[in-house]
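What follows is a single structure, written as structure tokens, with notes after it.
Throughout, protein chains are lettered first and strands after them, A, B, ... in sequence-line order, and every chain is numbered starting at 1.
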Protein chains: 2
Amino acid sequence: MSTISDSLTILISTMKVQSIIARRFDRLSVHGLGFSDFIILNLLDNAPVEKMRRIDLAEKIGLTASGVTRLLLPMEKTGFVTRESNQRDARVSYVVITAAGKKIFEEARQTAELIAKELLPSVKAKDLKILSETLFALGGNAY
Amino acid sequence: MSTISDSLTILISTMKVQSIIARRFDRLSVHGLGFSDFIILNLLDNAPVEKMRRIDLAEKIGLTASGVTRLLLPMEKTGFVTRESNQRDARVSYVVITAAGKKIFEEARQTAELIAKELLPSVKAKDLKILSETLFALGGNAY
DNA sequence: GCGATATAATTGATAACTCAAGTATATGTC
DNA sequence: GACATATACTTGAGTTATCAATTATATCGC
């Protein structure tokens with residue numbers, strides 16, 4: 001038995017915590033959304049022009065471009081997002097949130113906030129700040 | 001545009017950070033191990049009797065029992081772990097780390113520690129402790 | 001000791017990704 | 001302005017997980 005470092009322990013622990021978080025957010029399925037769908041809608045809703053390039057979505061959410069393409073396919077079909085081309089660069093296809101997308105996001109957001117409260121009830125504000133900063137240093141988004 | 005809470009932001013950020021961590025640990029493939037394989041070997045190496053029930057591995061790593069069964073199949077074939085039955089409870093099949101498993105774990109551990117240092121170079125010792133405790137509150141393991 | 005219920009593990013079908021390769025377009029260099 | 005290189009996105013094949021159902025065994029209440 002050889003003990004691993006605190007740093008490595010924290011990284012492994014993060015992996016487990018992620019699986020716990022992901023499972024809790026399965027409840028978003030009552031809105032017909034996966035957690036990744038919800039995160040995408042949040043990014044779009046907060047984007048200055050309510051549209052983003054697929055590649056930027058991928059970078060922000062921590063998926064590959066391929067993963068984003070596949071994630072968006074059903075969302076386009078359902079009508080939560082649509083495509084928009086870029087006049088100056090024909091390679092780009094923007095992802096635009098629709099009115100239906102905004103509506104479902106607003107509903108899902110209520111559920112998501114409830115889940116967040118359930119998950120982080122006892123964590124002190126100060127500790128949350130440290131967690132937040134560390135996550136940011138590790139590449140997490142600041143929003 | 002409606003702003004989400006700090007708590008929710010942190011949970012989403014954790015998801016992204018997890019994807020960054022997982023990608024870095026892809027490097028463990030030089031040892032023929034996935035990150036999950038490595039975590040399993042670490043759990044077994046640290047277990048008091050160097051064996052664990054599948055269900056306990058699942059709980060500790062944050063997977064389902066099904067996921068553990070499928071994860072262990074190739075590791076059994078390669079000979080990093082073996083099975084052992086429980087005399088008192090025939091439902092249980094223990095997972096036991098082999099000498100080969102210990103050897104590869106020891107090698108992979110060096111790589112893993114390097115990656116951990118690369119990922120968390122600047123995080124202060126005090127923050128690491130708080131971080132560790134926060135993750136534990138969220139269901140992370142203490143080890 | 002028997003039936004109801006709970007637990008440990010596995011399996012079939014499926015979901016949500018990844019990587020590598022391919023297509024289309026843009027940009028830089030000479 | 002042609003050619004090499006880079007970028008945005010998609011697609012085929014494979015991986016790694018999930019859930020629901022199944023099998024086998026154990027435990028509880030009577």
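- For B:Glu106 and B:Lys103, the salt-bridge test fails: no basic side-chain N is under 4.0 Å from an acidic carboxylate O.
- Ion pairing of B:Glu76 with B:Arg54 is present here, as a side-chain N (NZ or NE/NH1/NH2) and a carboxylate O approach within less than 4.0 Å.
- The side chain of B:Asp89 sits closest to D:dA26 out of D:dG12, D:dC9, D:dA26.
- Scanning atom types as modelled, one donor and one acceptor separated by under 3.5 angstrom connect the side chain of B:Arg70 and the base of D:dT18.
- Across the interface with DNA chain C, nearest-nucleotide mapping of A:Gly67 and B:Ile55 shows B:Ile55 to be the residue nearer the 5′ end.
- The stretch residues 15-36 of chain B comes close to DNA chain C through B:Arg23, B:Asp26, each having a heavy atom under 4.0 Å from the strand.
- Picking from D:dT10, D:dT25, D:dT18 the nucleotide with the shortest atom distance to the side chain of A:Ser66 gives D:dT10.
- Under the 6.0 Å cut-off for aromatic ring centres, B:Phe25 and B:Phe38 do not qualify, their centroids lying 6.0 Å or more apart.
- Contact check on A:Asp26 versus A:Arg23 returns no salt bridge, with no Lys/Arg side-chain nitrogen under 4.0 Å from an Asp/Glu carboxylate oxygen.
- Nucleotides of DNA chain C lying under 4.0 Å from heavy atoms of chain B occupy a range whose first and last members, 5' to 3', are C:dA6 to C:dC19.
- Each of B:Arg83 and A:Arg88 was assigned the nucleotide of DNA chain C with the nearest heavy atom; the assignment lying further toward the 5' end belongs to B:Arg83.
- Overall, the helix from C:dG1-D:dC30 to C:dC30-D:dG1 carries an axis bend of 40° between its ends, with five pairs at each end and the value rounded to 10°.
- Contact check on B:Arg27 versus B:Glu113 returns no salt bridge, with no Lys/Arg side-chain nitrogen under 4.0 Å from an Asp/Glu carboxylate oxygen.
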